[in-house]
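Report on the structure given below.
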Amino acid sequence: MKVAFYTLGCRLNQLETEALASSFRGQGFFIVDWEEQAGIYIINTCTVTSKSEQKARRMVRKISRENPEVPVIVTGCYAQMERGSILDLGDNVVVVPLDDKDIIQDLAVYLSSQDSSTWLNASAHWMEEHLGLQGDKDKRFRFNPREFSFHSRAYLKVQDGCDNQCAYC
């Protein structure tokens, strides 16, 4: 069971990707480089510049074409702003808006009990059932990685969301 991550953008995205990787690792998944073959790909996007949006589209399209039977889960600011255009990039693309990003951690638990040959359908079905059901917005702050895969510094999440007026970024 392999999962690959690709992160664009700020430190918040980096922290959240670390937490997602930690969640998948905790369920027995192996974290591999995004260029390697994986059973699931997760892309955390940014929309600060048109260049970051272009990179996100290119990455989603590339991974989706090269791995048509594998779920490509796209989240982050660009996914929030351009859900429809991202879904058009491939039949195996699942978009998770910012408010629901934390449920990807729960997806790791769900997929660990599924046969990997059904992950694409299982991921899409599970996401449809769980998107928008988050009543407790504090869950967005449950990104607490147990260990870091991609960076050596810890970050503290103090804000969530994007209004496209990036004072920080």
Subject >> With sequence neighbours excluded, residues passing side-chain hydrogen bond (donor to acceptor under 3.5 Å, both in side chains) with Glu35 >> reply: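 None.
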
Original post:
Does Tyr41 have any side-chain hydrogen bond (donor to acceptor under 3.5 Å, both in side chains) partners at least two apart in sequence or in another chain, and if so, which?
Top reply: none

**OP:** Test Thr75 against Thr45 for side chain to side chain contact (heavy atoms under 4.5 Å, CB included), laying out the working first.
**Re:** CA-CA 6 Å; Thr75 191; Thr45 65; over 6 Å; no

**OP:** Determine, step by step, whether Ile42 and Thr7 satisfy the side chain to side chain contact (heavy atoms under 4.5 Å, CB included) criterion, reporting the C-alpha distance in whole Å, the side-chain angles of both residues, the deciding distance to 0.1 Å, and the verdict.
**Re:** CA-CA 8 Å; Ile42 299 174; Thr7 305; over 6 Å; no

Shortest non-hydrogen contact between [X] and [Y], atoms and distance:
X: Ile86; Y: Ala79; value: CD1-CA, 3.4 Å
X: Gln80; Y: Leu98; value: OE1-N, 2.7 Å
X: Gly39; Y: Pro71; value: O-CD, 3.4 Å
X: Lys2; Y: Gln37; value: CD-O, 3.6 Å
X: Ser23; Y: Ala108; value: OG-CB, 3.8 Å
X: Gln105; Y: Leu20; value: CG-CD2, 3.4 Å

**OP:** Not counting sequence neighbours, list each pair that qualifies as a ring-ring contact (aromatic ring centres under 6.0 Å, His included) and has a residue in residues 71-114.
**Re:**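 Found Tyr110-Trp126.
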
Original post:
Is there a donor in the side chain of Ser112 and an acceptor in the side chain of Gln27, or the other way round, less than 3.5 Å apart?
Top reply: yes

**OP:** Would you please say whether a donor-acceptor pair under 3.5 Å links the side chains of Gln14 and Asn44?
**Re:** no

Subject >> Within 6.0 Å of CG in Asp88, more than 12 heavy atoms from elsewhere >> reply: yes

**OP:** Show your working on side chain to side chain contact (heavy atoms under 4.5 Å, CB included) between Phe30 and Phe24 and close with a plain yes or no.
**Re:** CA-CA 8 Å; Phe30 296 101; Phe24 275 86; over 6 Å; no

**OP:** Would you check if the side chain of Thr17 reaches a backbone N or O of Asn13 as a donor-acceptor pair within less than 3.5 Å?
**Re:** yes

Subject >> All side chain to side chain contact (heavy atoms under 4.5 Å, CB included) counterparts of Asn92, not counting sequence neighbours >> reply: Ser64, Val72, Leu120

**OP:** Return the set of residues passing side chain to side chain contact (heavy atoms under 4.5 Å, CB included) with Glu66 (not counting sequence neighbours), or none when no residue passes.
**Re:**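 Partners of Glu66 by the side chain to side chain contact (heavy atoms under 4.5 Å, CB included) criterion, ordered by chain and then number, come out as Lys62.
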
Original post:
Do the side chains of Val3 and Val32 get nearer than 4.5 Å, heavy atoms only?
Top reply: no

**OP:** Determine whether Met59 and Lys55 make a side-chain contact, defined as any pair of heavy atoms from C-beta on separated by less than 4.5 Å.
**Re:** no

How long is the straight-line distance from [atom2] of [Y] back to [atom1] of [X], given to the nearest 0.5 Å?
X: Ile104; Y: Phe5; atom1: CD1; atom2: CZ; value: 8.5 Å
X: Ser52; Y: Arg57; atom1: OG; atom2: CZ; value: 9.0 Å
X: Glu53; Y: Thr47; atom1: CD; atom2: OG1; value: 3.5 Å
X: Ile40; Y: Met1; atom1: CD1; atom2: CE; value: 11.0 Å
X: Glu82; Y: Leu89; atom1: CD; atom2: CG; value: 10.5 Å

Original post:
With sequence neighbours left out, what residues match Tyr6 under ring pair (Phe, Tyr, Trp, His ring centres under 6.0 Å)?
Top reply: Trp34

Subject >> side chain to side chain contact (heavy atoms under 4.5 Å, CB included) between Val94 and Val74, intermediate numbers included >> reply: CA-CA 6 Å; Val94 178; Val74 183; over 6 Å; no

